[in-house]
There are 2 protein chains.
Amino acid sequence: MARGAWNRDSSRAGEETRSQLIHAALALFGAKGFDATSTREIASAANANIASIAYHFGGKEGLRAACADHVAEQLGRIIGDVVLKSDPGGDPDKALKIIENAISSALGFLLSQPQARDIASFVMSEINRPGAVFEALYTEVFEPVHTKICEFLGLATGRDPKDEVIRLGVFTFIGQLLYFRIGHFIVARRMEWETIGPAEIEAIRSVVLSNIRAFVAANKTGAGS
Amino acid sequence: MARGAWNRDSSRAGEETRSQLIHAALALFGAKGFDATSTREIASAANANIASIAYHFGGKEGLRAACADHVAEQLGRIIGDVVLKSDPGGDPDKALKIIENAISSALGFLLSQPQARDIASFVMSEINRPGAVFEALYTEVFEPVHTKICEFLGLATGRDPKDEVIRLGVFTFIGQLLYFRIGHFIVARRMEWETIGPAEIEAIRSVVLSNIRAFVAANKTGAGS
DNA sequence: GTCTATAAACAGATAGAC
DNA sequence: GTCTATCTGTTTATAGAC
């Protein structure tokens, strides 16, 4: 199924409906899962007609693909732009600072934006499903962002960005971030937090950033290895 | 719906069918999701009849609950026993060693056992759904294991196990582990690994354990804080 | 306990009026 | 582009024979 090749949308009203369908679908797919969400629910939530899904996206699968495109674009703006457009200019300290900023803003987005939960759930359910959605997310978001952070981490530690330790290290950073979104309820319960607000995010950020600095210190060339 | 209160299973054949249904369901729920899996598929995979699900579990929801019980029991044996029955005897070095062993075996289980993928997927989809399944997994697995590791980490760092930094720190450990299961395909693609075998697991283990030692070093009382 | 057959509800897709 | 009405297939649950 080709993505985004369904309708030419000659009118503005069509674009509006199309957009509302994507947003409603993303929220429902994220909250309940793709299979558990019926096209009737989506249309109802988007104040649109059931048949409009087939008209705009060719069917439920087309809507899933459109959601993936939307998510890739969103993530590109939120994470990608911050990371991809930063330039440490060869300064290791600046490189570490950029990584810290990227982690901070990613953490803020993941834990304070209501839409982040649905986006994260949607992405999480798609990254274990080999297919067009995975390919789009990987090549458009994961690969470029990971590569760029490896570049910065390589600079910060004085190692080759392609070094296995660097590439795996970046994944351990991402894992730490993500868990506080995935295990949201577990964390809140165990920490005895009613909600995860600014103060709680700050506590998490502090620990994660400390871990990243510890990684850099432990893996710096000349400082042991 | 009360869990496990459906049938008394007076015969051995009944127990056998019941067990096969749980195993088949867990594999399918994990691989495709609860909603995407039909009771027909489950019955077929378990070499049982469709009606047997209603007979043994009262319906599809009862089967989900039975899977949760089975998973809680499994995780209790695999992770829980290793962690819960270790005793560092007040020695900080031994405490760190126990944590390292626990992380190592959890990593081994997550990345090399075929069943781990389905269990992880199943758990992942349930921890964002407040309900009886979440409660069971939290009180029977997550809470006791997390508390115990906090105890060890407190001993290793010389801090109070209830310290916010310790409790959050343990979550960052778990996040690092889990990501290599959740982001399996992303990691493999980016690392240019065909599969994640013993050698690859060893590389991951090395980085994660190094991070944990760096955490302990950075958060030891007397060593800065 | 296990089976077949079927009921009742629901899914996604589509034809055709407007 | 949007709507109603409907087609076709599938779902879970269940009744009842064995």
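Note that this is a predicted model, so its numbers are computed, not measured. In what follows, chains are A, B, ... by sequence order, proteins preceding strands, each numbered from 1.
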Chemist: Does anything in residues 179-191 of chain B form a side chain to side chain donor-acceptor pair (under 3.5 Å)? List the pairs, not counting sequence neighbours.
Modeler: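 Residue pairs passing side chain to side chain donor-acceptor pair (under 3.5 Å), neighbours aside: A:Glu135-B:Arg189, A:His146-B:Arg190, A:Thr147-B:Arg190.
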Chemist: Could you tell me how far apart B:Arg64 (CZ) and D:dT11 (P) are, to the nearest whole angstrom?
Modeler: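 Interatomic distance, CZ of B:Arg64 to P of D:dT11: 17 Å.
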Chemist: Roughly, in whole Å, what's the span from CD in A:Gln20 to C1' in D:dT2?
Modeler: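 Taking CD of A:Gln20 and C1' of D:dT2, I get 13 Å after rounding.
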Chemist: Got a sec, which residues hit ring-ring contact (aromatic ring centres under 6.0 Å, His included) with A:Phe152, two or more places apart in sequence or on another chain?
Modeler: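 Testing A:Phe152 for ring-ring contact (aromatic ring centres under 6.0 Å, His included), a comparison that skips the adjacent residues, returns none.
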Chemist: Using a 3.5 Å cut-off and no angle test, enumerate the donor-acceptor pairs between side-chain atoms of residues 77-88 of chain A and protein atoms at least two apart in sequence or in another chain.
Modeler:
unit_1  : atom_1 : unit_2  : atom_2 : d
A:Arg77 : NH2    : A:Gln74 : OE1    : 2.7
A:Ser86 : OG     : A:Val82 : O      : 2.6
A:Asp87 : OD1    : A:Gly89 : N      : 3.0

Chemist: Expressed as a whole number of angstroms, how long is the span from A:Lys32:NZ to C:dC10:P?
Modeler: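 In whole Å, C:dC10 P and A:Lys32 NZ are 12 Å from each other.
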Chemist: Restricting to ring-ring contact (aromatic ring centres under 6.0 Å, His included), what partner residues turn up for A:Phe122, sequence neighbours left out?
Modeler: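 With sequence neighbours excluded, A:Phe122 shows a ring-ring contact (aromatic ring centres under 6.0 Å, His included) to no residue whatsoever.
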Chemist: What does nucleotides 12-18 of chain C look like as a protein-contact string, B for base, S for sugar-phosphate only, - for none, at under 4.0 angstrom between heavy atoms?
Modeler: BSB----
Chemist: Answer yes or no: is there a donor N or O on one side and an acceptor on the other, between the side chain of A:Ser19 and the main chain of A:Glu15, under 3.5 Å?
Modeler: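 Here the side-chain-to-backbone pair does not exist.
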Chemist: A:Phe142: which residues meet the ring-ring contact (aromatic ring centres under 6.0 Å, His included) condition with it, sequence neighbours left out?
Modeler: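 By the ring-ring contact (aromatic ring centres under 6.0 Å, His included) rule, A:Phe142 matches no residue at all.
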Chemist: Show every salt bridge (charged side-chain N to carboxylate O under 4.0 Å, His left out) that has at least one partner inside residues 32-50 of chain A, sequence neighbours left out.
Modeler: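 Salt bridge (charged side-chain N to carboxylate O under 4.0 Å, His left out) check on residues 32-50 of chain A returns A:Lys32-A:Glu41.
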Chemist: Reading DNA chain C 5' to 3', what string of ( ), [ ], | and . shows its pairs, if Watson-Crick and G-U wobble pairs count only when both distances fall under 3.5 Å?
Modeler: ||||||||||.|||||||
Chemist: Taking CG from A:Leu21 and C1' from D:dG1, how many angstroms apart are they, rounded to a whole number?
Modeler: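 The answer, rounded to whole Å, is 12 Å.
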Chemist: Once you round it to whole Å, what is the distance between C1' of D:dT14 and CZ of B:Phe57?
Modeler: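 Interatomic distance, CZ of B:Phe57 to C1' of D:dT14: 18 Å.
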Chemist: Would you mind listing every salt bridge (charged side-chain N to carboxylate O under 4.0 Å, His left out) that reaches into residues 192-205 of chain A, with sequence neighbours excluded?
Modeler: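 Residue pairs with at least one partner in residues 192-205 of chain A: A:Glu202-A:Arg205.
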